[in-house]
**Q** 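Before I ask anything, here is the structure I am working with.
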Amino acid sequence: MFVSDSLSVNEKGHLTIGGVDTVYLAEKYGTPLYVMDEASIRGALRDYKKSIDENYENGGMVAFASKACAFKAIYEIVKEEGCGADVVSGGELYTAIQAGFPPERLYFHGNFKTEDELAMALDYGVGRIIVDNGEELEALSAMAKARNVTANIYLRITPGVDAHTHSFIMTGQNDSKFGFTLETGEALQAAKKAAAMPNIALKGMHCHIGSQIFDEAPFAHTAELMIGFLAQVRDETGLTLTELNMGGGFGSRYVESDVVLPYGEYMRRIAGAMKEVAAKLSFPLPYIVIEPGRSIVGNAGITLYTVGSVKHIPGIRTFVIVDGGMTDNPRYALYQSKYTAVVANKANLPADQVVTIAGRCCESGDLIQEHTKLQPCQRGDIVAVMTTGAYNYSMSSNYNRIPRPAIVMIKDGTDRVVVKAETYADVMRNDL
Ligand code: LLP
């Protein structure tokens, strides 16, 4: 019934997270409320690190893709675990720096970095800037020259692998706004150009084939293509690049039918593919970087809501209407994402009702999940939606001027607020 190891049921029949009663949390902090289990976040980071240690003797870095969930305490946890972080905007970069994150372990992404953001990256001294297009390369070179510094970069490569269909369609994914296309030769041209540019140090290549991917085969295939590309760059420019960033995208469990591979399995396949092609092409194995986001924080988080009403429409459906919705979790509205929910104060009862969980926004599409199983419930009950640690808080909004919920972190059986709930004053703080 639970799709995350952090969750259980206590003797009162209440859902617990990290051993803490969620009904108690709802009473103490109010709802909606994001709750995250710190042990689960640290455990996932450690599992990924171990998977590199065990499968890839040439070393590597786990860089948490912070777009999945960005706030100060997360960067502190990731820093303490000795990992890196992928930041994709000035806002993420700023938060990481404010959290004391070592800039040399930051990977700065984005298909449109403004001049201000590039300046921030150079001035903070971020470890690697992942250049997405030719114009950015020119701008960065000029800015680095003006500062008399060297920008350490990767190029983002679009490898032409369609991972979303779990099959290899070699041309499909070329239709992407991101990166330099491998197949058209654009990527090689960019590599040649970057290798010769002043104040630019081309350190390696980057790719990212998608998100919520369960199959390890597209990753292995991409690894082969990327090592092949590194060998081609060596042959054509004489430059042997020593780093390869394979991006993120490893899937998380949202519903019972999701079959998630142990993280080590992805690395085993990726490392195996890299070693095989590298040996064939006599290319020295690069340092590897991976950027998991969802799979670090997704299953660590739940969202607690209070039920406001239950609307039965005979012969049609039953709506369970809760005090949050697309403002704290836009993923069903955007992607029809699957979720598992439970009535937290009746978690020991059978989930024998089929309901649609709807939010409170003035919008019919404001749904959390349709036709999902839930325990019988009524106004005042607490509904917990699982696997909301990734791309929920980070994608939240103030639509309808609804303040964002707080985030409570659970550690060693204790709870602490790591992000305060917004107030009405917060919501209108920029209004003049
Ligand atoms: N690296 C790069 C360059 C990325 O663009 C992404 C995600 C990641 C790493 C991390 O991917 P992950 O391990 O989290 O799958 N909002 C969508 C997901 C968008 C992912 C964007 N890029 C959602 O809610 O499903």
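Note that ligands are numbered from 1 as they come in the structure, with each ligand's atoms numbered from 1 the same way.
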**Q** Show which atoms of ligand 1 fall inside a sub-4.0 Å distance from at least one heavy-atom site of Ala65.
**A**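 Contacts of ligand 1 toward Ala65, numbered from 1: 8 (C), 9 (C), 10 (C).
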
**Q** Which residue holds the protein heavy atom closest to atom 12 (P) of ligand 1, what is that atom called, and what is the gap in Å?
**A**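 The answer is Gly249 N, 3.4 Å.
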
**Q** Can you list the ligand 1 atoms lying under 4.0 Å from a non-hydrogen atom of Asp86?
**A**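 It comes down to these atoms of ligand 1: 1 (N), 2 (C), 9 (C).
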
**Q** Who's closest to atom 15 (O) of ligand 1 heavy-atom-wise, of Ser295, Ser211, Gly210?
**A**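 Among Ser295, Ser211, Gly210, the closest heavy atom to atom 15 (O) of ligand 1 belongs to Ser211.
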
**Q** Which of the numbered atoms in ligand 1 are below 4.0 angstrom from a heavy atom of Arg331?
**A**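 Selected atoms, number and element: 23 (C), 24 (O), 25 (O).
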
**Q** Quick one: which ligand 1 atoms are inside 4.0 Å of a heavy atom on Pro292?
**A**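 Near Pro292, meaning under 4.0 Å from one of its heavy atoms, ligand 1 has 13 (O).
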
**Q** Check ligand 1 against Tyr335 and write out every atom of the ligand that is under 4.0 Å from a heavy-atom position of the residue.
**A**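 With Tyr335 as reference, the close atoms of ligand 1 come out as 16 (N), 17 (C), 23 (C), 24 (O), 25 (O).
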
**Q** Regarding ligand 1, does Ala68 bring an N or O atom to under 3.5 Å of one of the ligand's N or O atoms?
**A**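 Looking only at distances, the answer is no, because the N/O contact criterion of under 3.5 Å is not met.
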
**Q** Would a 4.5 Å heavy-atom cut-off, applied to side chains only, mark Leu25 and Leu304 as touching?
**A**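 Yes, close enough: below the 4.5 Å cut-off.
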
**Q** Taking both backbone and side-chain atoms of His109, is any N or O found less than 3.5 Å from an N or O belonging to ligand 1?
**A**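 Not met; the criterion fails.
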
**Q** Indicate whether any N or O donor in one side chain lies under 3.5 Å from an N or O acceptor in the other, for Arg294 and Tyr254.
**A**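 Tyr254 and Arg294 do have a side-chain donor-acceptor pair below 3.5 Å.
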
**Q** Considering Arg294, His208, His206, Met395, which one's heavy-atom position lies nearest to atom 8 (C) of ligand 1?
**A**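 Minimum heavy-atom distance to atom 8 (C) of ligand 1 goes to His208.
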
**Q** Are any side-chain N or O atoms of Tyr263 and backbone N or O atoms of Ser295, one a donor and one an acceptor, separated by less than 3.5 Å?
**A**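 Yes: the side chain of Tyr263 pairs with the backbone of Ser295.
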
**Q** At a 4.0 Å threshold, what atoms of ligand 1 neighbour a non-hydrogen atom of Arg156?
**A**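 Answer, ordered by atom number: 3 (C).
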
**Q** Which atoms of ligand 1 sit under 4.0 Å from any heavy atom of Gly293?
**A**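 This gives 12 (P), 13 (O), 14 (O) as the contact atoms.
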
**Q** With no hydrogens and no angle check, just 3.5 Å: does a side-chain donor-acceptor pair link Asp37 and Ser6?
**A**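 Yes, a side-chain donor-acceptor pair sits under 3.5 Å.
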
**Q** Can Tyr154 and Glu243 be counted as having a side-chain donor-acceptor contact under 3.5 angstrom?
**A**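 Yes, side-chain donor-acceptor contact under 3.5 Å.
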
**Q** In terms of atom number and element, which parts of ligand 1 are under 4.0 angstrom from non-hydrogen atoms of Glu291?
**A**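 Answer, ordered by atom number: 1 (N), 2 (C), 3 (C), 8 (C), 9 (C), 10 (C), 13 (O).
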
**Q** Who's the nearest protein heavy-atom neighbour of atom 20 (C) of ligand 1, and how far?
**A**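 Answer for atom 20 (C) of ligand 1: Tyr391 OH, 3.5 Å.
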
**Q** Within the 3.5 Å criterion, strictly below it, is a donor on Asn329 or Thr388 matched to an acceptor on the partner's side chain?
**A**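 Note: Asn329 and Thr388 side chains miss the donor-acceptor criterion.
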
**Q** Give the residue and atom name of whichever protein heavy atom lies nearest to atom 22 (N) of ligand 1, and the separation in Å to one decimal.
**A**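 Going by distance alone, atom 22 (N) of ligand 1 is nearest to Lys67 CD, 3.6 Å.
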
**Q** State whether a side-chain donor-acceptor pair under 3.5 Å links Thr31 with Thr306.
**A**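 Indeed, the side chains of Thr31 and Thr306 share at least one donor-acceptor pair under 3.5 Å.
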
**Q** Determine whether the aromatic ring centres of His109 and His208 lie less than 6.0 Å apart.
**A**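 Centroid distance His109-His208: not below 6.0 Å, so no.
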
**Q** Could you give the distance from CZ (Arg46) to CG (Asp53), rounded to the nearest 0.5 Å?
**A**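 The CG atom of Asp53 is 13.0 Å from CZ of Arg46, to the nearest 0.5 Å.
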
**Q** With a 6.0 Å cut-off on the ring centroids, do Phe250 and Phe219 count as close?
**A**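 Ring-ring flag for Phe250/Phe219: true, centres closer than 6.0 Å.
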
